[in-house]
Amino acid sequence: MDRGTKESLNDLLVRVREGDKGSVDELYGIMAPTVRYIALKYLRSESDADDLVQDFWLDIHKYAQTFYLNNNAYSYLCKIATRQSINRYKKLHHRREVEVGYVDYSDIECRDDDAEAIALRNDVGAAMRKLTETQRIIIQETVFEDLTVRQVAKTVGKSKTQVARLKNSAIEILKRELESIRRDKQDG
């Protein structure tokens with residue numbers, strides 16, 4: 001996520017705290033897919049994920065009240081969604097451990113997608129399938145969820161050095177695969 005979008009999220013969350021109803025809709029437009037993605041990652045059920053997303057947005061004013069302007073709103077909201085997902089998973093499955101896995105988000109249809117966005121999502125999904133399960137989780141959590149290498153290391157049970165190495169090799173594989181897909185499309 002680029003710096004401008006992160007700054008606008010901070011501004012939107014502050015405006016939500018101040019009672020601006022239009023800001024909730026704008027914030028929803030930007031963050032809802034990410035919150036759903038996180039929920040799917042842990043809950044592995046579209047209906048459970050959709051329920052969590054609805055509950056998340058019902059409480060958005062409460063989250064806005066505890067947000068501090070010098071924080072990163074994107075990371076703040078992702079952490080809340082992650083905690084809620086883990087808690088809901090534990091409640092649904094009565095287990096203390098949460099099994100973390102990669103969610104192939106490319107198979108989920110979105111109403112707003114245009115043909116170009118669908119093609120890009122499919123290409124990224126195809127490239128991601130070339131990675132190991134651990135590499136997918138690392139990319140998912142560092143790139144899409146904006147977690148640090150240290151946080152991901154705890155999730156996957158590896159050292160920071162191993163996670164950094166796996167992330168770098170995964171990025172190289174993704175670059176190579178996406179370039180190959182692009183060349184195939186140009187040649188075909």
Side-chain angles (χ1 to χ4, degrees), residues 1-7 9-10 13 27 30-46 48-49 52-53 55-56 59 63 66-108 120-121 123-181:
M1 180 167 288
D2 64 42
R3 184 176 179 89
T5 305
K6 285 183 179 179
E7 289 175 4
L9 284 172
N10 286 2
L13 204 51
L27 190 62
I30 297 170
M31 285 299 299
T34 302
V35 171
R36 187 169 192 270
Y37 181 84
I38 292 168
L40 277 170
K41 177 180 137 185
Y42 289 98
L43 299 174
R44 300 188 186 270
S45 161
E46 288 193 43
D48 290 339
L52 185 131
V53 171
D55 292 344
F56 181 90
D59 291 336
Y63 307 141
T66 58
F67 175 72
Y68 298 102
L69 187 57
N70 60 347
N71 289 344
N72 178 338
Y74 180 76
S75 293
Y76 174 74
L77 294 174
C78 285
K79 286 175 188 169
I80 291 171
T82 300
R83 277 187 305 224
Q84 283 186 344
S85 298
I86 290 170
N87 290 340
R88 173 104 20 125
Y89 180 89
K90 286 178 182 178
K91 186 176 180 181
L92 291 172
H93 298 290
H94 306 290
R95 291 168 52 185
R96 294 180 90 45
E97 293 292 318
V98 176
E99 182 180 316
V100 177
Y102 170 70
V103 176
D104 189 359
Y105 202 55
S106 64
D107 295 339
I108 299 167
L120 178 61
R121 190 174 63 210
D123 293 348
V124 171
M128 289 290 284
R129 285 188 277 283
K130 299 290 184 176
L131 303 176
T132 67
E133 180 73 12
T134 304
Q135 287 174 319
R136 287 184 214 145
I137 293 168
I138 291 168
I139 292 296
Q140 174 179 291
E141 291 187 343
T142 58
V143 176
F144 301 117
E145 296 177 30
D146 207 22
L147 296 178
T148 65
V149 170
R150 178 183 299 235
Q151 292 168 318
V152 176
K154 288 180 184 177
T155 302
V156 297
K158 298 197 179 293
S159 71
K160 290 188 316 182
T161 305
Q162 289 173 312
V163 169
R165 184 182 47 76
L166 287 168
K167 179 184 175 187
N168 290 336
S169 67
I171 289 171
E172 289 304 315
I173 292 168
L174 289 173
K175 285 179 186 177
R176 210 172 31 245
E177 287 301 317
L178 289 171
E179 286 173 7
S180 173
I181 291 169

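Of the inter-residue distances, the one linking Leu147 atom CG with Ile138 atom CD1 reads 11.5 Å to the nearest 0.5 angstrom. Rounding to the nearest 0.5 Å gives a distance of 11.5 Å between CD1 of Ile173 and CG of Leu178. Atom OG1 of residue Thr155 and atom CD1 of residue Ile137 lie 8.5 Å apart, to the nearest 0.5 angstrom. Going from atom CD1 of Ile38 over to atom CG of Leu43 covers 11.0 Å, rounded to the nearest 0.5 Å. We find the CD-CD distance between Gln135 and Glu172 to be 11.5 Å, quoted to the nearest 0.5 Å. The CD atom of Glu141 lies 11.0 Å from the SG atom of Cys78; values are rounded to the nearest 0.5 Å.
At least one side-chain heavy atom of Asp55 sits under 4.5 Å from a side-chain heavy atom of Arg88. Within the 4.5 Å cutoff, no side-chain heavy atoms of Leu9 are placed close to those of Leu77. The side-chain heavy atoms of Gln162 and Val156, taken from C-beta on, include no pair separated by under 4.5 Å. Side-chain contact between Ile171 and Lys175 is present, with heavy atoms from C-beta onward closer than 4.5 Å.
Taking both residues in full, the closest heavy atoms of Leu13 and Ala73 are given as CD2-CB, 4.0 Å, listed atom of the first, atom of the second, then distance. Taking each heavy atom of Ala164 and Val149 in turn, the nearest pair found is N-CG1, 4.1 Å. Considering all non-hydrogen atoms of both residues, Ile139 and Lys167 come closest at CD1-O, 4.1 Å. Between Leu52 and Ala39, the shortest heavy-atom contact is CD2-CB, 3.8 Å. Nearest heavy atoms, Ala153 versus Lys160: CB-N, 4.0 Å.
Within the 3.5 Å criterion, the main-chain N or O of Ala81 finds a donor-acceptor partner in the side chain of Ser85. In this structure, Tyr37 contributes its side chain and Gln140 its backbone to no donor-acceptor pair below 3.5 Å.
At a threshold of 4.0 Å, the pair Arg136-Glu133 counts as salt-bridged, since one of the basic side-chain nitrogens sits closer than that to a carboxylate oxygen. Contact check on Arg129 versus Glu177 returns no salt bridge, with no Lys/Arg side-chain nitrogen under 4.0 Å from an Asp/Glu carboxylate oxygen.
Side-chain N/O atoms of Tyr74 and Thr5 include no donor and acceptor closer than 3.5 Å.
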Checking ring-ring contact (aromatic ring centres under 6.0 Å, His included) for the pair Tyr63/Phe56: CA distance, chi angles, key distance, verdict? CA-CA 9 Å; Tyr63 307 141; Phe56 181 90; 5.2 Å; yes

Begin from the C-alpha positions of Tyr42 and Tyr89 and carry the test ring-ring contact (aromatic ring centres under 6.0 Å, His included) through to its verdict. CA-CA 7 Å; Tyr42 289 98; Tyr89 180 89; 8.0 Å; no

